[in-house]
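The structure appears right after this line, and notes come after that.
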Amino acid sequence: MKKMRGIAISLDAVMAVTILLVIMAVMSSFARPNANEAAPLMDMRHSEMSALEAMEKTGRLAQALTGNDTAVREVLAASEESECYTLTVVRYATNATALTTVKPDCGIASGQLVYAYRSFAVANETYLARMAGWRKA
Amino acid sequence: MDSRKGFFVSIVTLALALSLVSFSMGVNSVQNSLDRQMVDGLPAETAAYAFDDVGSDIDSFTGINFGLARNASQINASFGGTIGMQRNMSQEIAVYGTYAADYYARWTGANLSLDLSNLTDGAIEVSLSNGLQFVLSNQSAVFQTVAANGATNVTRYEISVNVDRHRRLATPWIPSGGDIQVVLRYSDRNGSITDTVSLSSTGINNYVIDYSPLDSITISVGQNGGRTGVLSISQGVNVTALVRVNASINYTNADEVQSYYSAFMNYSQGGVERRAFIEGDRV
């Protein structure tokens, strides 16, 4: 009888661990991006890189630092409806945030974030612009 | 029997704890994995983007903004900058090198280093692959060829100069006729000067604007250091001038021409490696 109880306890433990591992494997497969999921995110990163480059070379980033971020907001607003972006500019010398702008109707960032960066200089000061993108739920 | 039960419970607890730690690490690595996939998926763009990014920043610091265009028989080059500046550009560019290798590289996940020694020695050079070169220093802005006894083959210079001072005297070029057409648009607190002349690429032709007995701007077109068709805009001793130049250059060679700063970048990210000068336009 004691032997049977021992076997039951062992089986119970093995089953518990097995079930846990299966649950975690399933959850991991949802969390880990596969090739099909990465493709649209790569497109999003490509869009961010293009937008940042354009915003630097047209002077929109520099203008936003003067307090007028209308031109930058226009770029974010022109992106696809299903995409959300936030733009943050950090001043290198002080590591302080100089600007934060979010695309209208996007709220707080969620899900898989896609980042792109662009360095630019204004009045002999260096700044780093960071765009974070995500898909609307 | 109790000790055996305890043993099983301990083993199960340990297995659960290890599984949870492993799972947490897996989830945390998702963003890193995705970043790697996106870099791997855009290898050419990622490297080219970084070089363009750094090049734009150097352009901003120097104000040179070197541009190239081309038609069947000519290259048009545009460039500029400020001479007689009241700031230490070499120091600013050196600080930028630290920023790029440390801060920028950390945020972008790249591994990069910049050799800016040729930009922090007091003169900034933008070179063209056909041997032409623009050199900007605090004393002068010079467009020349690096070939000894060489010719720039420039047929036309359009020169804009802005100085925020009152002029004492202007001594213009003596029109001599020649193979280079020069259009000068000069402005300072006295107003604007526009002068269009033809000058010889082998002559020595100077336009001098004095601001005080010691302070002046000299614009030279022609022979310089054994080279011909050279443009030199120099200041002495303490005149700040904003300069912009468009140069039309005879060029019928089929070879591509490219501009690049004398700054070298080692870049690697996600298996992508590139070692090259900071390039500009390619025509």
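The chains referred to below are lettered A, B, ... by the order of the sequence lines, with proteins before strands, and numbering in each begins at 1. Nothing here was measured: the structure is a model prediction, and the numbers come from that model. Atoms considered below: every heavy atom in the structure, side chains included; atoms not considered: hydrogens, waters and symmetry mates.
Interface remark: Val122(A) contributes no atoms to any contact with chain B (heavy atom separation under 4.5 Å). Tyr99(B) touches chain A through backbone and side chain together, each having a heavy atom under 4.5 Å away.
Around CD of Glu256(B), the count of heavy atoms belonging to other residues, nucleotides or ligands within 6.0 Å exceeds 12. Within 6.0 Å of atom CG in Asp105(A), 12 or fewer heavy atoms from other residues, nucleotides or ligands are found, so the atom counts as exposed in its surroundings.
The structure places OH of Tyr92(A) at 6.0 Å from CG of Asp102(B), a figure rounded to the nearest 0.5 Å. Note: Thr126(A) OG1 to Glu92(B) CD = 8.5 Å, rounded to the nearest 0.5 Å. Summarising the geometry, atom CZ belonging to Phe61(B) is positioned 8.0 Å from atom CD belonging to Glu125(A); distances are rounded to the nearest 0.5 Å. Note that CG of Asp57(B) and OH of Tyr127(A) are 12.5 Å apart. Values are rounded to the nearest 0.5 Å. Note that the OG1 atom of Thr108(B) and the OH atom of Tyr115(A) stand 14.5 Å from one another [nearest 0.5 Å]. Note that OG of Ser60(B) and CZ of Phe120(A) are 9.5 Å apart. Values are rounded to the nearest 0.5 Å.
Scanning both residues, Arg45(A) and Thr46(B), for their nearest heavy atoms gives NH1-OG1, 3.6 Å.
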Hey, mind stepping through Glu56(A) and Asp53(B) against side chain to side chain contact (heavy atoms under 4.5 Å, CB included) and telling me if it holds? CA-CA 9 Å; Glu56(A) 181 194 8; Asp53(B) 197 358; 4.1 Å; yes
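The pair Arg118(A)-Asp52(B) counts as a salt bridge, with a side-chain nitrogen and a carboxylate oxygen less than 4.0 angstrom apart.
The most heavy-atom pairs under 4.5 Å with chain B, out of Asn95(A), Asn124(A), Leu128(A), come from Asn124(A).
Using a 4.5 Å heavy-atom cut-off against chain A, no residue of residues 116-129 of chain B qualifies as contacting.
Ser119(A) and Tyr103(B) form no side-chain donor-acceptor contact under 3.5 Å, judged by distance and modelled atom types alone.
Classified by interplanar angle (parallel below 30°, tilted 30° to 60°, perpendicular above 60°), the ring pair Trp107(B)/Tyr117(A) is tilted.
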